[in-house]
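The structure appears below as structure tokens.
The model shown is predicted, which means the values in this text are computed figures rather than measured ones.
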Amino acid sequence: QVQVVESGGGLVQAGGSLRLSCIVSGLSLADYTMGWFRQAPGKEREGVSCINWSGLSTYYVDSVKGRFTISRDNAKNTLYLQMNSLKPEDTAMYYCAASRGRYGRVYDIQEYAYNYWGQGTQVTVSS
């Protein structure tokens, strides 16, 4: 049984940092593209960032480029999202997800492509 568990969310002031972690069990992380999504109250879920199986290719939505960094440790079956210079508009529930497939490059992030999802971790940025 696959389990996806996020952690690291919390309350932070604008300009602060948080590091999200996602531990996946029940599969080999190296066989999956991994992504982070977020959903703010009253809004649709959006893709934030993804990373290919090797960690050598990453994608970021424009609103987080230069502030967020995605990384992975396949040996630990763990995905990370380092979030710096946080803004109130980053407030959302953040979800980790796994998409089956080993690709050389990632160019986009699409919700329909992801097979396994976590329950989310809340990030709240105060102004």
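Applying the side-chain hydrogen bond (donor to acceptor under 3.5 Å, both in side chains) definition to pairs two or more places apart or across chains, those involving residues 15-31 are S17-N84, D31-R102. Applying the disulfide bond (SG atoms under 2.5 Å apart) test to residues at least two apart or on different chains, none of the pairs has a partner in residues 46-87.
Because its NZ or CZ atom is both nearer than 6.0 Å to the ring centre of W117 and within 45° of the ring axis, R45 counts as a cation-pi partner of that residue.
Under the 3.5 Å distance criterion, the side-chain polar atoms of N52 are matched with a main-chain donor or acceptor of L56. Proximity of a side-chain donor or acceptor of T58 to a complementary backbone N or O of I51 within less than 3.5 Å is not detected. Under a 3.5 Å cut-off, the side chain of E6 and the backbone N or O of Q119 do form a donor-acceptor pair.
The distance from the CD atom of E44 to the CD atom of E111 is 8.5 Å, given to the nearest 0.5 Å.
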Exercise. With side chain to side chain contact (heavy atoms under 4.5 Å, CB included) as the test, would you mind laying out the steps for F68 and L86 before giving the verdict?
Key: CA-CA 9 Å; F68 289 12; L86 282 161; 3.9 Å; yes
Practice problem: Show the numbers, then the answer: is there a side chain to side chain contact (heavy atoms under 4.5 Å, CB included) between I70 and L79? | Solution: CA-CA 8 Å; I70 191 172; L79 176 73; 3.9 Å; yes
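In this structure, S99 and M34 have side chains that are not in contact, with every pair of non-hydrogen atoms separated by 4.5 Å or more. Side-chain atoms of E46 and R38, non-hydrogen and from C-beta on, do get closer than 4.5 Å to each other.
With respect to the salt-bridge test (charged N to carboxylate O, under 4.0 angstrom), the residues D90 and K87 do not qualify.
Below 30°, between 30° and 60°, or above 60°: for F37 and Y114 the angle between ring planes is above 60°, a perpendicular geometry.
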